[in-house]
Amino acid sequence: MAELCPNSQTDEQIVKKRRISDTNSDDPTSRFPDHVLHLIFSYLKSQDLFTVRLVSKNWHRNTPSYFPLEFEESNTPNTPSNVIQESHNKFLEWIRSSLETCQSELKKAEKRIIRVQFERHENINDLLELINEIDFHEVYLRFGCFNYWIPFIFQSKCLRVVHLTRGGIDKHLFSDETNFVCLEEVELDSVNLSGETLSKFISKCPNIRELKLVNCMVLRSVVLPKVDRLKKLYVQLVGSYPSITDVQVIAPSLQVFHFVQFNRCNVAVNMDIRACRMLREFHLECPTFPVGFDHEHFISDFPHLENLILGPCETSKRVKISSPSLRKLTLMFTQLYNYNYSRKSVVSVPNLCSFQYVGRTFKSSLAPSETRKLLKTIGISLVPHVEKINRAWFLQLRSHLTKLNNRIGLALTIRDQTSFSALGKRGHKLWSISIGRIPTQVVPHIGHLKLDIRFKVPEESHGCLLKYIIDNLLWMSHPNVLTLSMPTSFAAFALGICNEFLISRREDNCCADTQNKCWRHFLKDFKVRELVTNEKEETKKFNFIFTWQL
């Protein structure tokens with residue numbers, strides 16, 4: 001074999017060529033030098049490195065070494081205070097001894113990670129000083145109470161990730177000239193800090209790329225005047241907390257921005273993110289449409305936006321969504337404009353590839369127009385009030401669906417939102433199957449129906465509702481597949497109802513004596529398949545696959 005090799009190739013080149021040929025040709029990284037692949041993996045967090053090592057031998061060999069330390073303090077309820085304090089002291093001593101024992105392994109590791117969950121905050125300042133002396137790359141701290149104020153922010157020379165849960169941060173921690181140059185990711189979950197403190201903190205992180213704020217109770221404003229490297233920003237405030245009223249972000253490199261706020265105060269937030277012109281994903285979920293956006297040109301300031309999620313954003317003015325770059329659009333319980341204002345479509349996105357709608361009812365004016373070329377299927381998920389489901393509700397839904405030219409994937413989620421005992425054993429008085437009624441024109445675009453039942457304890461009224469919904473859905477359309485999802489405790493009951501209901505076609509209890517035939521007479525055959533059984537979440541899925549007569 002050596003005689004066949006060109007003389008110009010050295011032994012090292014031959015070995016390298018054989019190694020490349022032995023690797024998977026589908027893996028583009030197989031041609032990378034080891035030091036390049038190692039450098040790429042060095043930017044990953046510890047939680048991703050473990051998965052990377054399992055991909056291939058080449059990746060395993062070039063994955064940076066990492067050494068994680070994890071400590072979790074737990075307390076048993078109704079334990080005497082002196083016993084709890086003694087257990088807490090032992091927990092702190094355990095961490096100290098572990099750090100001293102693992103010094104050699106920590107020095108050898110290319111990534112050092114520590115996770116500590118405290119239940120008490122007494123005497124932990126000295127321990128935090130000890131942790132600060134070790135150059136950790138990632139620090140995850142979870143404190144047991146909200147009124148503990150963190151004495152300092154870690155100043156490790158290689159610290160890249162900081163996650164803090166509970167506790168408080170005071171603005172005096174940032175009064176000196178110290179900067180956190182290496183810090184790239186910060187997550188603050190249920191941390192007490194003001195908007196001024198947040199602005200000072202982030203201003204000292206010139207290389208921060210990801211910032212996540214979750215349920216920071218006293219936070220009223222998010223003002224980030226100059227964050228040139230920031231790529232991802234997540235702000236979430238859900239619960240009985242005061243509202244965030246001011247959001248001002250100047251981040252020319254920002255690509256992902258999520259703002260989710262739901263609380264008792266229906267206050268419109270003042271939002272200015274016009275400087276974030278590289279934004280590609282925008283998730284806006286709040287009760288009231290923010291102040292600062294132009295209703296007629298809502299996303300015109302973001303020429304690269306590809307994914308938009310909106311809901312409910314109530315406003316009395318019509319909000320027009322128009323963008324040539326938008327590819328994915330999701331509207332959730334939206335109240336973008338007053339329905340009496342106009343019946344014309346508010347969505348004009350010519351290059352849209354995915355449209356999802358979630359709400360109580362559906363209006364055709366919320367569907368995108370002029371997108372038939374790229375948008376193949378429109379996904380509509382409805383969560384109606386059970387007591388409002390009647391024949392008029394289905395007729396109104398059908399009238400809007402017939403105005404759409406795209407394929408439709410229709411999903412209904414039925415929750416136990418009302419007292420069925422108050423409705424009676426037969427449920428609503430209108431939940432009765434009409435025999436020989438005048439058939440409606442079938443909506444031809446519905447290919448897949450999904451019915452998600454959230455009832456756990458079967459009742460007779462549930463069976464009436466289930467049959468009534470299926471009957472109206474099949475009168476309205478002839479789908480290829482009907483998928484039923486339900487808890488395990490409800491599955492046997494629902495499956496029995498469906499089998500009896502579907503098999504009873506062309507019987508005396510059908511519409512044999514009437515002139516107008518029901519959908520059963522167009523049904524040629526159907527199959528039932530159990531798709532998923534998840535015992536942990538107690539859910540089952542059945543597929544009814546239909547064959548219709550032409």
Side-chain angles (χ1 to χ4, degrees), residues 215 234-241 243-244 247 257-269 271 281-291 293 295 298-299 305 307-321 326 328-347 349 352 354-369 377-390 392-394 396-401 403-404 408-418 449-454 469 485:
N215 291 340
Y234 304 91
V235 181
Q236 177 178 321
L237 188 65
V238 180
S240 57
Y241 310 116
S243 300
I244 295 176
V247 176
F257 178 39
H258 289 201
F259 184 83
V260 180
Q261 176 171 267
F262 286 103
N263 52 22
R264 297 178 181 177
C265 303
N266 193 9
V267 179
V269 59
M271 185 175 295
E281 180 178 329
F282 187 17
H283 184 166
L284 179 60
E285 228 182 316
C286 51
T288 308
F289 193 75
V291 178
F293 287 110
H295 288 71
F298 171 44
I299 53 178
L305 189 65
N307 188 4
L308 176 63
I309 302 175
L310 276 179
C313 295
E314 181 179 0
T315 177
S316 58
K317 296 182 180 180
R318 184 180 69 168
V319 177
K320 188 174 182 180
I321 302 173
L326 199 63
K328 297 177 64 177
L329 174 61
T330 303
L331 302 179
M332 299 187 300
F333 297 93
T334 181
Q335 300 181 32
L336 287 178
Y337 74 107
N338 188 344
Y339 292 134
N340 296 325
Y341 180 87
S342 174
R343 293 186 178 182
K344 295 182 179 180
S345 175
V346 296
V347 181
V349 187
L352 196 66
S354 173
F355 176 74
Q356 300 291 326
Y357 176 85
V358 181
R360 299 291 183 192
T361 186
F362 177 73
K363 300 288 184 180
S364 58
S365 54
L366 292 174
S369 60
T377 304
I378 292 179
I380 301 175
S381 300
L382 301 180
V383 191
H385 290 288
V386 172
E387 62 272 16
K388 293 185 178 181
I389 296 178
N390 52 36
W393 187 88
F394 280 102
Q396 183 184 26
L397 173 62
R398 179 196 165 279
S399 66
H400 287 283
L401 295 181
K403 298 177 183 179
L404 305 180
I408 301 172
L410 180 62
L412 264 68
T413 300
I414 308 300
R415 297 175 179 172
D416 197 354
Q417 300 165 324
T418 186
L449 285 175
K450 297 180 181 179
L451 188 57
D452 187 5
I453 307 296
R454 301 291 177 90
I469 291 176
S485 302

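In this chain, residues are counted from 1 in sequence order.
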*Asks:* Can you list everything that forms a side chain to side chain donor-acceptor pair (under 3.5 Å) with S485? Sequence neighbours excluded, please.
*Replies:*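 In terms of side chain to side chain donor-acceptor pair (under 3.5 Å), with neighbours along the sequence ignored, S485 is linked to no residue.
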
*Asks:* Tell me, with the steps shown, if D452 and K450 meet salt bridge (Lys or Arg N to Asp or Glu O under 4.0 Å).
*Replies:* CA-CA 6 Å; D452 187 5; K450 297 180 181 179; over 6 Å; no

*Asks:* Report the residues that fulfil ring-ring contact (aromatic ring centres under 6.0 Å, His included) with F257, sequence neighbours left out, ordered by chain and then residue number.
*Replies:*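 Per chain and number, F257 pairs via ring-ring contact (aromatic ring centres under 6.0 Å, His included) with F282.
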
*Asks:* Should L382 and Y357 count as side-chain neighbours, where that means a heavy-atom distance under 4.5 Å?
*Replies:*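 Yes, side chains in contact.
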
*Asks:* Using modelled atom types and a 3.5 Å cut-off, is there a donor and acceptor pairing between side-chain atoms of S399 and backbone atoms of Q396?
*Replies:*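 Side chain of S399 to backbone of Q396, a donor-acceptor pair under 3.5 Å: yes, one is there.
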
*Asks:* Ignoring hydrogens and angles, tell me if any N or O in the side chain of R360 forms a donor-acceptor pair with the backbone of V383 under 3.5 Å.
*Replies:*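 Answer holds: yes.
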
*Asks:* The criterion is ring-ring contact (aromatic ring centres under 6.0 Å, His included); which residues satisfy it with F259, sequence neighbours excluded?
*Replies:*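 Scan of F259 (ring-ring contact (aromatic ring centres under 6.0 Å, His included), adjacent residues dropped) gives none.
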
*Asks:* Quick one: are I321 and L331 in side-chain contact, heavy atoms under 4.5 Å?
*Replies:*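 Side-chain contact under 4.5 Å: yes.
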
*Asks:* Rounded at 0.5 Å granularity, tell me how far OG1 in T413 sits from CZ in R454.
*Replies:*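 That separation rounds to 5.0 Å.
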
*Asks:* Going from CG on L237 to SG on C286, what distance comes out if it is rounded to the nearest 0.5 angstrom?
*Replies:*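 Result: 11.5 Å between the selected atoms.
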
*Asks:* Can you sort out the partners of S243 under side chain to side chain donor-acceptor pair (under 3.5 Å), two or more places apart, ordered by chain and number?
*Replies:*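 Result, side chain to side chain donor-acceptor pair (under 3.5 Å) vs S243: N263.
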
*Asks:* At what distance, to the nearest 0.5 angstrom, does CG of L401 lie from CD1 of I378?
*Replies:*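 If I round to the nearest 0.5 Å, the distance is 9.5 Å.
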
*Asks:* When rounded to the nearest 0.5 angstrom, what is the spacing between CG in L329 and CD1 in I299?
*Replies:*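 L329 CG to I299 CD1: 8.0 Å, rounded to 0.5 Å.
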
*Asks:* Apply ring-ring contact (aromatic ring centres under 6.0 Å, His included) to H283 and list each qualifying residue two or more places apart in sequence or on a separate chain.
*Replies:*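 Expected list: H258.
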
*Asks:* Between E281 and L305, what is the shortest heavy-atom contact and its length?
*Replies:*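 Between these two residues, the closest heavy atoms are N-CD1, 3.8 Å.
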
*Asks:* Counting only N and O atoms by type, is there a donor-acceptor contact under 3.5 Å from the side chain of N215 to the main-chain atoms of V238?
*Replies:*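 The answer is yes, because a donor-acceptor pair under 3.5 Å joins these two groups.
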
*Asks:* Hey, does the side chain of Q261 reach the backbone of I244 with a donor-acceptor pair shorter than 3.5 angstrom?
*Replies:*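 Present.
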
*Asks:* Which atoms form the tightest heavy-atom contact between V347 and L366, and what is the distance?
*Replies:*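 Nearest pair, atom of V347 first, then L366: CG2-O, 3.5 Å.
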
*Asks:* Nearest 0.5 angstrom please: M271 CE to L284 CG, how far?
*Replies:*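 Here the rounded value is 5.5 Å.
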
*Asks:* Between CZ of F362 and CD1 of I380, what distance do you get to the nearest 0.5 Å?
*Replies:*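 The CD1 atom of I380 is 4.0 Å from CZ of F362, to the nearest 0.5 Å.
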
*Asks:* What is the minimum heavy-atom distance between I414 and P384, and which atoms define it?
*Replies:*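 Reported closest heavy-atom pair: CD1-CG, 4.3 Å.
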
*Asks:* Of all residues at least two apart in sequence or in a different chain, which pass the ring-ring contact (aromatic ring centres under 6.0 Å, His included) check with F394?
*Replies:*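 In terms of ring-ring contact (aromatic ring centres under 6.0 Å, His included), with neighbours along the sequence ignored, F394 is linked to no residue.
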
*Asks:* What heavy-atom pair brings S364 and H400 nearest, and what distance separates the two atoms?
*Replies:*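 Scanning both residues completely, I find the closest heavy atoms to be N-ND1, 3.1 Å.
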
*Asks:* Work out which heavy atom in P312 is nearest to a heavy atom in F333; give both atom names and the distance.
*Replies:*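 Of all heavy-atom pairs spanning P312 and F333, the closest is CB-O, 3.1 Å.
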
